[in-house]
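Remarks on the structure that follows.
All figures in this text were calculated on a predicted structure; none of them were measured in a lab.
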Amino acid sequence: MEGAHWTVCALLYLLKRLQENIENLFSKFISEGKATIRLREPALDICLSKADVSNLKNFISAVSLAHKGTDASPVPLSRLTPAKTSEIEKPRAKMIITCKKDYPLTKSFPYSLEHLQVSFCKLARVDMRMLCLKRLQKLDLSSNHIKKLPKTIGDLVCLQELILHNNFLETFEVELCNSTLRNSLKSLDLSENKLKALPFQLCNFRELVSLKLDGNELVQLPFAIGKLSKLRFLSATKNKLPYLPNSFKTLVLENLDLFGNPFAKANPMVPDIQLKIPLTLLETASRATLTYRISYGPQVIPKHLCQDLSVAKTCDCGGPCLSSFIQTIVVMNLHQVSQTVVLVDSMGGTEAPIICYFCSLTCYSMFLDKYLQSTRV
């Protein structure tokens, strides 16, 4: 290159290297001297602006031909003067939009984004253009009108933080729980929505550290919430929780807030007995499958049986039980599972009812003996 200019040969060489590495070309505003070239590897957008319209059209035509594997040498290309450092815009990693008039309607989001916040824009659904941002680590869609999440949001393989505070969500898709988010998501905010239930598969998010469920209509937490071994911050204030699931007692939290739930009064002396004696063959076989960790799947047993096994209850003795059990509600001091506990009620309480299961009369009798002894002390 001579005189800090690229020669036509150098440009043609560059175009050849671009072949098969261009994901898309955006030339809607080429008449204004603007265009964008989206690369596959590295995943970034090359934004061209303030260019000579004639030269830019020739250049984009050449890039398009190179992308299709066609010889671009017939296209007349002029020498390009390198841009000054001050004129080169660095790849954008963060974008915050908090006003509907600032929302991009005619252009795409920068492909290099790692943090995107779109709030107070009255979005009724997730913009599919956001789902192309493969580098995205934080997505904040708080304070919109979103009712349902697309299943493809699970394709954001780098996503670590998802904020959906103050929307109109009524469900949380099972497919998201089984997506690649299982391995990446660390923070999930579903507060101030209209959720009445959460899928038990939510516990597939094994990397989850923070979970916010405040201000919904939840009548129960996922029964296997105890499997979230990395969870440290949990808030589920102002819901409709009557009690906590049995696995709750295995959590190891730093901060817990359950204020404003209509917790039921615990009464271990009045159990709900659903124990069938003798046990059915199905119950016996199911317990044995789980106890001895016998592998199973839809290719071996019916799919509905697989689901029954996946939601099996756990007795205080550690054994499994499915449809045959004794159920009761006991009181648990929440400091057993969390370093910091926000008061459960206005009376200053830090206790909450937790549901317990027993696989046999023997297990329930042993529990009852210990309970009666503790009440006499």
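You'll find the side chain of Leu188 stays beyond 4.5 Å of the side chain of Leu213, heavy atoms only.
A donor-acceptor contact closer than 3.5 angstrom is absent between the side chains of Ser119 and Thr98. In this structure, a donor-acceptor pair under 3.5 Å is present between the side chains of Thr237 and Asp214. Between Ser142 and Asn166, the side chains place no donor N or O within less than 3.5 Å of an acceptor N or O (distance only, hydrogens not considered).
A donor-acceptor contact shorter than 3.5 Å is absent between the side chain of Lys148 and the backbone of Val126. Remark: side-chain polar atoms of Arg92 are not paired, donor with acceptor, to backbone N or O of Ser112 under 3.5 angstrom. Using a distance-only test at 3.5 Å, with no hydrogens or angles considered, no donor-acceptor pair links the side chain of Asn255 to the main chain of Phe233. A donor-acceptor pair is defined here as one N or O able to donate and one able to accept, closer than 3.5 Å; such a pair exists between the side chain of Asn193 and the backbone of Asn167. The main-chain N or O of Ile355 is found under 3.5 Å from a side-chain atom of Asn246 such that the two form a donor-acceptor pair. No donor-acceptor distance shorter than 3.5 angstrom exists from the side chain of Asp189 to the backbone of Ile163, with no hydrogens or angles considered. Of the possible polar contacts, none joining the Asp140 side chain to the Gln117 backbone as a donor-acceptor pair under 3.5 Å is found.
Shortest non-hydrogen contact noted between Leu131 and Pro150 is CD1-CG, 4.0 Å. Between Phe223 and Ser310, the shortest heavy-atom distance links the atoms CZ-O, 3.4 Å. A pairwise comparison of heavy atoms in Ala236 and Leu258 identifies CB-CD2, 3.9 Å as the closest pair. Residue Glu192 comes nearest to Asn216 through the heavy atom pair N-ND2, 4.0 Å, listed as atom of the first residue, atom of the second, then distance.
Under the 4.0 Å criterion applied to side-chain N and carboxylate O atoms, Asp127 and Arg129 are assigned as salt-bridge partners. Ion pairing of Asp308 with Lys303 is absent here, as no side-chain N (NZ or NE/NH1/NH2) approaches a carboxylate O to less than 4.0 Å. One finds a salt bridge joining Glu207 and Lys230 here, because a Lys/Arg side-chain nitrogen approaches an Asp/Glu carboxylate oxygen to under 4.0 Å.
Residues that satisfy the ring pair (Phe, Tyr, Trp, His ring centres under 6.0 Å) test with Phe168, not counting sequence neighbours, are His145. When the ring pair (Phe, Tyr, Trp, His ring centres under 6.0 Å) test is applied to Tyr364, the partners found at least two apart in sequence or on another chain are Phe358.
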Donor-acceptor pairs under 3.5 angstrom involving side-chain atoms of residues 263-274: please list them, not counting sequence neighbours.
residue	atom	partner	partner atom	Å
Asn267	OD1	Met269	N	3.3
Asp272	OD2	Gln274	NE2	3.0

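Annotation: Lys227, atom NZ; neighbour count of heavy atoms from other residues, nucleotides and ligands within 6.0 Å does not exceed 12. Within 6.0 Å of atom NZ in Lys212, 12 or fewer heavy atoms from other residues, nucleotides or ligands are found, so the atom counts as exposed in its surroundings. For Lys107, the NZ atom sits in a loose shell: 12 or fewer heavy atoms of surrounding residues, nucleotides or ligands are nearer than 6.0 Å.
Expressed to the nearest 0.5 Å, how far SG of Cys363 lies from CG of Leu368 amounts to 12.5 Å. The line from CG of Leu136 to CZ of Phe109 is 10.0 Å long, rounded to the nearest 0.5 Å. To the nearest 0.5 Å, the span separating CZ on Phe205 from CG on Leu211 amounts to 9.5 Å. In this structure, CD on Glu351 lies 9.5 Å from NE2 on His335, to the nearest 0.5 angstrom. Rounded to the nearest 0.5 Å, atoms CG (Leu123) and OG (Ser143) are 11.0 Å apart. Rounded to the nearest 0.5 angstrom, Gln137 CD and Glu114 CD are separated by 5.0 Å.
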